[in-house]
Amino acid sequence: MLKSWIALVFIGLFSLPVFSQTIEDIYQQNRTYTHEEVIRKYMRLEKEFPQQCKLVTAGEVDCGRRLHTFIINKKGLFSADSIDRSAETVLLINNAIHPGEPCGVDACVKLSRSWLRSNKVPDNLTLVIIPMYNIGGGTNRSCCSRANQNGPDEYGFRGNARNLDLNRDFIKMDSKNAFSFVEIFRQWDPNIFVDTHTSNGADYQHVMTLITTQTDKLGHLGKYTKETLTPTLFKKMSANGYDMAPYMHTVGRTPDDGIMDYLETPRYSTGYTAQFDCIGFVTEAHMLKPYKDRVESTYAFLEILSQFMINNGKELIAQRDKARYLQEATQVHSINYQLDTTVHDSIWFKGYAAKYKTSEVTGLPRLYYDHDEPYEKYIPYFNTYTPNETIKVPEYYVVPQAWKEVVSRLKHNKVVMTQVKRDHYTYVDADYITNYETSPSPYEGHYLHKDVVIETKNVKVKLYAGDWMVYPKGDAKRFVIETLDSRCVDSYFNWNFFDEILMQKEWFSPYVFEDKAAEMLQTNSDLKKRFEDKKKNDPDFAKNAWTQLYFLYTQSDNYEPSHNRYPVYKVFK
Ligand SMILES: [Zn+2]
C-alpha cells in the first residue's frame with residue numbers, strides 16, 4: 001500500500017509540470033494540449049471563476065466522448081435563452097476540426113485565462129468556445145501526419161473516429177460531431193463564428209491569413225462584412241504586428257499570379273454558418289511559422305475580433321436584424337456562385353521569391369521559395385462571385401416522411417415545418433431530374449452528384465398524414481432552399497439522400513411490349529412523328545430495337561411516374 005502510495009507521488013511529481021505550466025510554457029516548448037489537458041485547464045478556470053464561466057457537456061462525438069463548450073458571460077448567464085440578444089452578441093469559436101492544426105485550442109485557453117484573470121470579461125459579449133471539436137482525431141496523436149507543417153511536436157489527425165473530414169460534414173451530418181455542433185450553433189445563434197486552422201500551400205512572410213465567408217453570397221451582411229468589419233480586422237492586426245493577408249487560394253502555382261476568394265459552400269463550417277446570417281471567419285496560421293507564432297497570431301485575431309464585437313455590438317445586431325428582414329421579404333434566391341474572372345481587386349502581399357532548380361530526387365525542375373529574397377508588392381485578388389441562377393422561392397416544400405434522414409436533419413436545424421393532417425391527393429410542382437453528373441470515386445463517404453438539370457411539372461401526388469411541409473422562412477430560410485432545391489451545390493440530393501428515386505423499379509419484356517408499342521404509334525400521330533424523327537437523326541437509335549422499345553415504354557402509361565421524380569415537391573402561392 002505504502003509502495004503504491006509512493007509510486008503515485010512519483011507519478012504526480014513527473015506529471016505535475018503539464019498541469020502547473022502556463023499555456024505559454026506549453027506552446028513555447030512547441031507543444032499543444034491533449035484533449036484531457038485542455039478540458040482540465042477549463043475545469044480549473046471554472047473552479048476559479050464560477051460566476052463568469054462554465055464548462056458544459058454538449059452532445060456526443062463519433063469516438064464516444066462528450067463534446068464540451070466553455071462559456072464566458074459576465075453576468076453568469078450560461079444558457080442561450082437567458083441572455084438579452086437585443087443588447088448582447090455571441091461569438092462562437094470552434095477549434096481542432098482539423099486536430100493537426102491546433103493553434104486555436106491553445107489560443108482559446110490563453111484568451112479565456114486572460115479575460116478571467118485580468119477581470120476583462122465584457123458585459124455585452126458572450127464567448128462560446130468549443131475546446132476540441134474533432135476529439136477522435138485529436139486523441140489520435142502522432143509526430144508527423146502533416147508533412148508540410150512546422151510543429152508542434154505531437155498533434156492529432158485530420159480524420160475523425162470515422163475518418164471523416166468534419167469540415168465537409170455540416171450538411172450531410174454523417175458524424176455525431178456534426179449533430180452536436182448543429183445543436184450548439186442553432187441554440188446560441190452566434191453573430192460571428194470563427195473556425196481555427198493552419199494553412200497548407202505556398203510559402204510567404206505572413207504569419208496569419210484569413211478566409212472571410214465569401215461576402216457576395218451573404219447578402220446584406222456581406223456588404224457590412226466586406227466594407228466595415230474585415231478592413232478593421234486587417235488594420236488592427238497590422239497594428240499588433242501581424243500583417244494579415246487573405247487566405248492564399250492561388251490562381252496559379254504561386255501567389256505571384258494572384259489569389260481568389262475561397263468559396264466555402266454550405267458543407268464547410270463557415271459556409272454552413274452563413275446560411276443563418278452568421279458572419280464566419282477561418283483563421284489560417286501559416287504552417288511553416290514556429291508554433292508559438294501561430295498560437296499568438298490566432299490569439300491576437302480572436303482578441304481583436306472580440307474587441308470589435310464589444311465596441312460595435314449594437315451595430316452588429318442591427319445589421320443582422322436588417323439582413324434577416326430583407327431575407328424574409330425576398331421571393332427569389334440566387335444559387336451556385338461562380339468566380340468572376342473578369343474583375344479583380346489587389347492586395348499588398350509580402351512574399352518570398354518563387355524560384356526553380358533541378359530536383360535531387362526527380363532530376364526535373366522543382367519549386368522553392370527563397371527566404372533570402374523577401375519582397376512586397378501588389379498582387380491581383382479575385383474576390384467577386386456571381387450567381388449562376390436565380391430561383392423563385394416556393395411558399396413551402398413537401399418532404400414525405402419516408403425520407404426520414406432528411407427530416408431529422410431539418411428538425412435538428414430548427415427549420416419551420418408542420419405535418420400534413422390527413423391522407424390526400426394534391427397538385428404540386430415536381431422536379432424531374434433529367435441530367436446530372438456523379439463523382440466516379442467516393443468523397444467523404446458519398447458519390448456526390450453535381451450539375452443537376454431539372455424539368456418541373458405540375459402533377460398530382462398522394463400525401464400521407466405526417467408528411468412534412470417545410471417553410472423557407474425565418475432564420476433558416478436560406479438553409480432550407482440550399483438543402484432542398486436539388487440544383488444547389490450542397491443539396492441533400494447531391495449528397496445522395498434521394499438516390500433511390502434514380503432507379504427504375506418495373507421493366508418490360510420486349511416481346512410482350514412490341515404489340516402495345518405498335519398500337520401506340522398507330523393511335524398517336526405526334527408520338528409517331530417524334531419516334532420517326534429520332535430514328536432518322538440518331539443512327540445508333542435506328543439500329544437498336546431495345547432502345548426504340550424503351551423510348552416508347554417511357555411514353556406509355558406503364559412507365560412509373562416516380563422514376564427520376566425528385567420527391568421534395570414545391571408549392572407556390
Ligand atoms: Zn484545416
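Whatever order the structure lists them in is the order used to number ligands and atoms, beginning at 1. Reckoned from all heavy atoms, side chains included, excluding hydrogens, waters and symmetry mates. Everything numeric in this text was worked out from a predicted model, so none of it was measured.
- Relative to the six-membered ring of Phe308, Lys236 misses at least one condition, a distance below 6.0 Å or an angle of at most 45° to the axis.
- Figure legend: Lys217 and Tyr337 shown without cation-pi pairing, the cationic atom not lying both under 6.0 angstrom from the six-membered ring centre and within 45 degrees of its axis.
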(Q) Determine whether Tyr242 and His206 satisfy the following criterion, ring-ring contact (aromatic ring centres under 6.0 Å, His included), listing intermediate values before the conclusion. (A) CA-CA 7 Å; Tyr242 297 103; His206 301 274; over 10 Å; no
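- Summary: OE1 is the N/O/S atom of Glu101 found nearest to the Zn ion (ligand 1).
- Distances from the Zn ion (ligand 1) show that Glu284 has no N/O/S atom below 2.8 Å.
- Sorted pairs that involve residues 206-215 and meet salt bridge (Lys or Arg N to Asp or Glu O under 4.0 Å), not counting sequence neighbours, are lacking altogether.
- Angle ND1(His197) to the Zn ion (ligand 1) to ND1(His98), rounded to 10°: 100°.
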